[in-house]
Amino acid sequence: MTAVPPDKQPVIIAGVDAHKDTHHVVVLDGNGVRLADKQFPVTTDGYRQMLGWVTGFGVLDKIGMESTGSYLAGLTRFLLDAGVEVREVNTPHAHTRARIGKTDAIDAEAAARKVLAGDATTRPKTTTGAVESIRLLTVARNSAIKARSAALVQLQDVLVTAPAHLRDQITAKGGHAQATQCAKFRADATRLDDPAQAAKLTLRSLAKRIHALDDEITALDAQLEKLVATTAQPSCPDSGLAPGMALNS
């Protein structure tokens, strides 16, 4: 069978509806006629299958997708690397969804039609450079800070209700200083039915958690400062980062 040259193939538009484990794709021709829809797994092989299936209908002009920074981040990177034009599609208004219904195929088709109509012109953010690395490390750092704050509050709560002779041993005023003192407690594991021993073990556990999170945050800060210093250079005006950018604790 003779292959059809690219300039003779029909131009097509695709749309994707994203889920955690699967993506649903709809293909339209240049006149908006729906050609087909299919579901693919969220894996590298699934991405390849999807692109091969879509381009089997013609020359892919553009593909519209929601959630290019979350559920569709992996597919977005794959398609951009393959030279595919990707467009970010806004979530349909609630009234629109109520009127036309909601299924994976309907959402994917709606994304494709927005691209076809010229309503989706935004290109997805690049998630392959240092700025994306900074975002990822910041997620870990913010999580560690939140966990440390929770542990400090719990430490204070346990100290308030702990037996008086234990509270008397904690003379420090600041939360981190109190954690340092609580880390020195040694509980008798054979007597944990005694609330005083259970309190010692709890306070020591929380204190060690706080110190571990301190170390984690310090390590992440060091890596983030290196990345920020490298990325926020005058030669990188689009980085959105200023030289000497401080990291909030």
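The shown structure was predicted, so the numbers you read here are calculated from the model rather than taken from an experiment.
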Got a salt bridge between R141 and E216, using NZ or NE/NH1/NH2 to carboxylate O under 4.0 Å?
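Salt bridge between R141 and E216, a charged N being under 4.0 Å from a carboxylate O: no.
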Decide, yes or no, whether a salt bridge links R34 with E109 under the criterion of side-chain N to carboxylate O below 4.0 Å.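 Yes.
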Do [X] side-chain atoms and [Y] backbone N/O form a donor-acceptor pair below 3.5 Å?
| X | Y | result |
| --- | --- | --- |
| S149 | I145 | yes |
| N31 | V33 | no |
| R167 | A162 | yes |
| R87 | T122 | no |
| Q181 | A172 | yes |
| T22 | H19 | no |
| S205 | L201 | no |

Do [X] and [Y] come within less than 4.5 Å of each other through their side chains, counting heavy atoms only?
| X | Y | answer |
| --- | --- | --- |
| C182 | V158 | no |
| R135 | V139 | yes |
| V16 | E66 | no |

Mind checking whether [X] and [Y] sit in one hydrophobic cluster, side chains of I, L, V, M, F, W, Y counted as touching below 4.5 Å?
| X | Y | answer |
| --- | --- | --- |
| L75 | I12 | yes |
| Y47 | L60 | yes |
| Y71 | F78 | no |
| V228 | L220 | yes |
| V42 | I63 | yes |

Looking at [atom1] of [X] and [atom2] of [Y], how far apart are the two atoms once the value is rounded to the nearest 0.5 Å?
| X | Y | atom1 | atom2 | value |
| --- | --- | --- | --- | --- |
| Q156 | I170 | CD | CD1 | 10.0 Å |
| L79 | M65 | CG | CE | 5.5 Å |
| H176 | I210 | NE2 | CD1 | 6.5 Å |
| D21 | Q39 | CG | CD | 9.5 Å |
| L166 | Q197 | CG | CD | 8.0 Å |
| K226 | I134 | NZ | CD1 | 13.5 Å |

*asked:* Around atom CZ of F40, are there more than 12 heavy atoms from other residues, nucleotides or ligands closer than 6.0 Å?
replied: yes
Q) Going by atom types alone, do D188 and T190 pair a side-chain donor with an acceptor below 3.5 Å? A)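 Yes - a donor-acceptor pair under 3.5 Å links their side chains.
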Discussion item. Do D17 and H23 pair up side chain to side chain, a donor and an acceptor below 3.5 Å, judged on atom types alone?
Written reply: no
